[in-house]
Protein chains: 2
Amino acid sequence: MSTSPESLQPLDVSLSPQERFEEYLQTRGLRQTSQRKFLIDAVFDEHEHFDADELIDRLPRRGEKNYVSSATVYRTLREFVDAGLLKSFQLDGRTVYELDYGYPQHDHLYCTKCKQLFEFQSDLLVEMRDKVASEMGFRVTGHRMIIQGICRECTKGRRKKRKQDLV
Amino acid sequence: MSTSPESLQPLDVSLSPQERFEEYLQTRGLRQTSQRKFLIDAVFDEHEHFDADELIDRLPRRGEKNYVSSATVYRTLREFVDAGLLKSFQLDGRTVYELDYGYPQHDHLYCTKCKQLFEFQSDLLVEMRDKVASEMGFRVTGHRMIIQGICRECTKGRRKKRKQDLV
DNA sequence: ATTAGTGCAAATATTTTGCACGGAT
DNA sequence: ATCCGTGCAAAATATTTGCACTAAT
């Protein structure tokens, strides 16, 4: 937008998340703050799936350098979703975020035992979605598909080492 | 269970939700209270989709006959899900319930404008789900598919009368 | 200089829980 | 007579918001 490139070209692929967010901010007259810059790095450097709480846990504490208040983390995560950088969905009551920008469309399998999320991609699903929607007179803006079950590891008796086992 | 009928026969179809819940309670040594009886009637007499708050709103107030405390409503809704009478899922932060017992498997379209839920049924979706799951080594216990978009009514300019328009 | 952004704490919203009493078995 | 279930209020969770101050433009 700022440098007006040829219009029909998908700019996206050539911009880093950081650049893309800058663009988003500029087009809306929003400001580029140290918190926003820090957070976008923190989010895109690290995780695949996370919630606000997990993210806050990994960030500097109050008093430390680069501390960002929880309120700002929540506010900024919503901006990231707005900007198309992240996607969010609800799982077990909390809001889960995942990287969207630069990632192919996909859906999830959720192991209700180890609480891990796995991804899968299915064009068939999207086709089916669009067919159903058009039959119902719906203009689709998105969907959320989560397959629940027990993952391979958890199926074989006692699970071995797993990340968040403190639950 | 209590009268031990022929084993391979699907008992379900012949039992009312009330009977089915009784059975559930009996097999677990739980008690049949007036609150549980009242709630199962309230739930199965009325609604398709609802959340705890909406249900509580429709029930007798404190002091009135058949009053049930919110805590008990929450506790009992979870029992209903446990008993296979209701299904629950998260939508916009709240827990939505719907009748499950006696209803065919289905999924939802959600209009983000009027907040209405619509249903659809697709065997293809279930097939796809099972295929994906088996490829991933998952033992499926269920799934949740929600197609978001704008419904037909909301697409044609200003929507007309709609239920929960107080939002 | 303007005014959006932030940190803080309080407010919300939703659901859960501890506890003493009452009721179902 | 047990001890599960309930109502109540307080707690827990997760997220949002009002406000005064700070900082980006």
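By convention in this document, chain letters (A, B, ...) are assigned in the order of the sequence lines, proteins followed by strands, and residues within each chain are numbered from 1.
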Asks: Starting at OH of A/Tyr67 and ending at P of C/dT6, how long is that distance when rounded to a whole Å?
Replies: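 So the two atoms are 12 Å apart, to the nearest Å.
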
Asks: Could you go through the side chain to side chain contact (heavy atoms under 4.5 Å, CB included) check for A/Glu153 and A/Gln116 one step at a time?
Replies: CA-CA 11 Å; A/Glu153 282 302 302; A/Gln116 259 187 113; over 6 Å; no

Asks: Check this one for me: any side-chain N or O of B/Arg62 less than 4.0 Å away from OP1 or OP2 of D/dC8?
Replies: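 Yes.
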
Asks: Does B/Thr72 make a side-chain N or O approach to OP1 or OP2 of D/dG7 shorter than 4.0 Å?
Replies: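 The answer is yes; a side-chain N or O of B/Thr72 sits under 4.0 Å from OP1 or OP2.
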
Asks: Taking the side chain of A/Gln32 as its heavy atoms from C-beta onward, which of C/dT15, D/dT25, D/dG7 lies nearest to it?
Replies: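 Per side-chain heavy atoms of A/Gln32, the pick is D/dT25.
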
Asks: Yes or no on side chain to side chain contact (heavy atoms under 4.5 Å, CB included) for B/Phe44 and B/Leu86, after CA distance, side-chain angles and deciding distance?
Replies: CA-CA 10 Å; B/Phe44 273 81; B/Leu86 297 181; 4.3 Å; yes

Asks: With a 4.0 Å limit, can you tell me whether A/Arg36 has a side-chain N or O closer than that to the phosphate oxygens OP1/OP2 of C/dT6?
Replies: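 Affirmative; the distance criterion is met.
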
Asks: Can you measure B/Asn66 atom CG to D/dG7 atom C1' for me and round it to whole angstrom units?
Replies: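 Spelled out: CG on B/Asn66 to C1' on D/dG7 is 15 Å.
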
Asks: Would you please confirm or rule out a distance under 4.0 Å between OP1 or OP2 of C/dT15 and any side-chain N or O of B/Arg94?
Replies: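 For B/Arg94, the contact criterion (side-chain N or O under 4.0 Å from OP1 or OP2 of C/dT15) is not met.
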
Asks: Can you check whether A/Gln26 has a side-chain N or O nearer than 4.0 Å to OP1 or OP2 of D/dT25?
Replies: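 No, no such contact exists.
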
Asks: How do B/Val96 and B/Arg31 order along DNA chain C: which one's closest nucleotide is nearer the 5' end?
Replies: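 Checking each residue's closest nucleotide, the 5'-ward one belongs to B/Val96.
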
Asks: Which nucleotide sits closest to the side chain of B/Tyr74: D/dT16, C/dC8, C/dT15?
Replies: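 Within the option list, the nearest is C/dT15.
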
Asks: Under 4.0 Å between a side-chain N/O of B/Ser34 and OP1 or OP2 of C/dG23, yes or no?
Replies: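 Checking B/Ser34 against C/dG23: no side-chain N or O falls below 4.0 Å of OP1 or OP2.
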
Asks: Do B/Phe118 and A/Phe138 have ring centroids that are under 6.0 Å from one another?
Replies: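 Aromatic pair counts; centres sit under 6.0 Å.
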
Asks: Find which nucleotide of DNA chain C each of B/Thr33 and B/Ala71 is nearest to by heavy atoms, and output the residue with the more 5' nucleotide.
Replies: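 Going by which nucleotide is closer to the 5' end, it is B/Ala71.
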
Asks: Nearest whole angstrom, please: distance from the P of C/dT14 to the CG of B/Leu55.
Replies: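 Taking atom P of C/dT14 as the reference, CG of B/Leu55 is at 14 Å.
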
Asks: Take atom CZ of A/Phe38 and atom C1' of C/dG5, then tell me their distance rounded to the nearest Å.
Replies: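 Those two atoms, CZ and C1', are 17 Å apart.
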
Asks: What I want to find out is whether B/Asp82 reaches B/Arg28 closely enough, with some N-O distance under 4.0 Å, to be called a salt bridge.
Replies: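 Looking at B/Arg28 together with B/Asp82, the answer is yes, because their closest N to O distance falls below 4.0 Å.
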
Asks: What contact category does B/Arg78 fall into here, base, sugar-phosphate, or nothing, at under 4.0 angstrom with non-hydrogen atoms?
Replies: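 Sugar-phosphate only.
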
Asks: Quick one: A/Ile56 CD1 to C/dG7 P, roughly how many Å, whole number?
Replies: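 The answer, rounded to whole Å, is 11 Å.
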
Asks: Report the residue (A/Ser70 or B/Thr76) whose heavy-atom-nearest nucleotide on DNA chain D is the more 5′ of the two.
Replies: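 Checking each residue's closest nucleotide, the 5'-ward one belongs to B/Thr76.
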
Asks: To the nearest angstrom, how far is B/Leu30 atom CG from D/dT6 atom C1'?
Replies: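 Answer to the nearest Å: 14 Å.
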
Asks: Measure from the side-chain heavy atoms of A/Arg75 and tell me the nearest of D/dT25, D/dC8, D/dG18.
Replies: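 From the listed options, D/dG18 comes nearest.
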
Asks: Classify the angle between the aromatic ring planes of B/Phe21 and B/Tyr24 as parallel (below 30°), tilted (30 to 60°) or perpendicular (above 60°).
Replies: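 Judged by the thresholds at 30° and 60°, the geometry between B/Phe21 and B/Tyr24 is parallel.
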
Asks: Taking CD from B/Gln35 and P from C/dG23, how many angstroms apart are they, rounded to a whole number?
Replies: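 So the CD-P distance, B/Gln35 to C/dG23, works out to 10 Å.
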
Asks: Would you say the side chain of A/Gln121 lies within less than 4.5 Å of the side chain of A/Glu119, judging by non-hydrogen atoms?
Replies: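 Contact flag for A/Glu119/A/Gln121 side chains = no.
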
Asks: To the nearest Å, give me how far apart CG (B/Leu25) and P (C/dA24) are.
Replies: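 That distance rounds to 13 Å.
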
